[in-house]
Amino acid sequence: MKTNVMLHLILKDWRLQRRMIVLTIVAGAAALAILLVGGQTPAVVGSVFFFVSMVFCACLLPMQNIVNERKKQTLSFVMSLPISSARYGAAKLVSTVGLFLIPWLALLGAALYVVLVRHSLPNGAIPVGLIIMNFPLIGFCLITGTALVAESEGWGTAAMAVVNSSYWLVWYLLVSHIPSLHETWSGPVAVWTPSVFKILGVEFAIIVLTLGATLFLQSRKRNFI
Amino acid sequence: MTDFAIELNGVCKSYPFFDLHNIDLRLQPGTIMGLIGPNGAGKSTTIRILMGLVHQDSGEVNVLGHSMPKGQIDAKWDIGFASEDMRLYDSMTLGWHIHFMKSIYASWDDAYSQLLLKRFGLNAEQKVKGLSHGQRVKASLLLVLARRPKLLVLDEPTTGLDPVARHEILRELTAVMVEDGRSILFSSHNTQDVEQISDQITFIDRGRIIDSMDKEIYLDRWRRLRLEVPDGVALPTLPGVIGVQKAGRLAVAIANAFEPHLPNAYETSGARVRAVENMTLEEIFVANVEHSREEVKA
């Protein structure tokens, strides 16, 4: 009986990268613990560290899981298995995105708990928080897509540099062009304005387009190794 | 459906600085073919094409009856592939790799895997990063051989190994052939290794197959004739002789289609035949490559 090689590759990636996932969750949880202390300084420090823990994983995971496979020449070993380059690409994308979603969802849940149950931040911060939480997710998808399609450490690093320096620019543009965002974030109630839904929709579209383009480009490759 | 383990017909592949020209290659089931070529000859590209890792620009590739690259997934279930640049996961143990392969291949032979661990002197508990180069190569081969594949494709597997490790690996590859119907394609620029285990030899140079035939026929057909040429005697151009090098009164003629009458033909022309020598595969390889390059230039 022939086994599902894609599934085995996904499980293999989980075994190889689980330490980083656990580390990200621990770092994010520690940042939230700082935030729970209360006061403006812990709130700022905790929020920044929380964001940094996600960015750390968004950068490191694609490099470890995708670029290193080529750099450390383990790709030949994987490609000797009964799998095509298109299926390898799909398995790699599923495993990398899946691995990232574990800490992302866990920390999103933990952040909501901090806001809704512990009231460390006002409920008005939830829509903005969700928008900001999507930044590292989008950045991660862009780095992952570049690493997988370009197959080079150089392009992966370039994608990281561009993505990491764009977070604050995007945030600045959003706040300066959509005043309702910062008008409501310190309020006691979460305000879901049309602008918030538009931004979330655009973020979702970027994620879907990036992942779709990655799969498409990967399936068209004629020279894989 | 083809009867060959590997069949390449008119395969071409172009890169900016390298072309693979019209490759025709056939490997009969149950045989070992040595693919010999200098560095950059196109051995690895040919192997990557037949593994489906690189798509040919034109031509047909069939491996174990599967058209490549389309049928690569089905074909790879029965192919064991190892290359010189293949690495295992440094942070994991050899045992983890064995377990990983075992979970994929139903054909995994546990008893044989244990036997190979002993024969190769490997420890399943050891992490790959602690293995020497020779041990890593042996570990890669263990993972390939214990799957019991119908076809082994090995791209320079003995490069960088000490003589003992090379001997162990070649012995194991020869042992694999005891089982009916298994075939091996073995690329190397080490002619000694290829001569030791191959039934068939294929020479490749600058992206072209320059010769492909049974090893014994090769060794039988190629000869070196040492001649003494008195002044005033001109050596005739004889069929089957691909080159003559002269140094004063002495000359060396290389024949790639030696016939017993060749020495007589030289004697008749006035030259004296001092010796007719067999050539090693390395000497045949070098002479063949040089002859092919001269032909391409001409």
Other residues, nucleotides, ligands: >12 heavy atoms within 6.0 Å of A:Arg87 CZ: no

B:Asp57 portion near chain A, given a 4.5 angstrom heavy-atom threshold: both

Residue pair B:Ile104, A:Leu81: steps toward the side chain to side chain contact (heavy atoms under 4.5 Å, CB included) verdict: CA-CA 9 Å; B:Ile104 292 175; A:Leu81 303 173; 4.0 Å; yes

Greater than 12 external heavy atoms within 6.0 Å of A:Arg15's CZ: yes

Side-chain donor-acceptor contact under 3.5 Å, A:Lys72 with B:Tyr89: no

CZ (A:Phe49) with more than 12 external heavy atoms under 6.0 Å: no

B:His133, NE2: over 12 other non-hydrogen atoms inside 6.0 angstrom: yes

Which portion of A:Leu7 sits near chain B, non-hydrogen atoms under 4.5 angstrom: neither

A:Trp155 CH2: over 12 foreign heavy atoms closer than 6.0 Å: no

Candidates B:Met86, B:Arg87, B:Glu84 - the one meeting side-chain contact (heavy atoms from CB on, under 4.5 Å) with A:Gln73: B:Arg87

Minimum heavy-atom distance between A:Leu9 and B:Phe100, given as atom pair plus value: CD2-CZ, 3.9 Å

B:Glu60 atom CD, over 12 foreign heavy atoms within 6.0 Å: no

Contact origin within B:Ile49 toward chain A - heavy atom pairs under 4.5 Å: neither

B:Arg171, CZ atom: more than 12 neighbouring heavy atoms under 6.0 Å: yes

Residue B:Lys102 excluded, over 12 heavy atoms near NZ under 6.0 Å: no

Over all atoms of both residues, closest heavy-atom pair of A:Ser80 and B:Tyr105: O-OH, 4.0 Å

Heavy-atom pairs under 4.5 Å with chain B, option from A:Val5, A:Val78, A:Asn68, A:Leu16 with the top count: A:Leu16

B:Lys76 side-chain N/O to A:Met79 backbone N/O, donor-acceptor pair under 3.5 Å: yes

Straight-line distance of A:Arg220 CZ to B:His55 NE2, nearest 0.5 Å: 12.0 Å

Which atoms of B:Ser103 approach chain A - backbone, side chain, both or neither, heavy atom under 4.5 Å: both

Side chain to side chain contact (heavy atoms under 4.5 Å, CB included) evaluation trace for A:Ser76 with B:Asp85: CA-CA 8 Å; A:Ser76 293; B:Asp85 63 356; 3.7 Å; yes

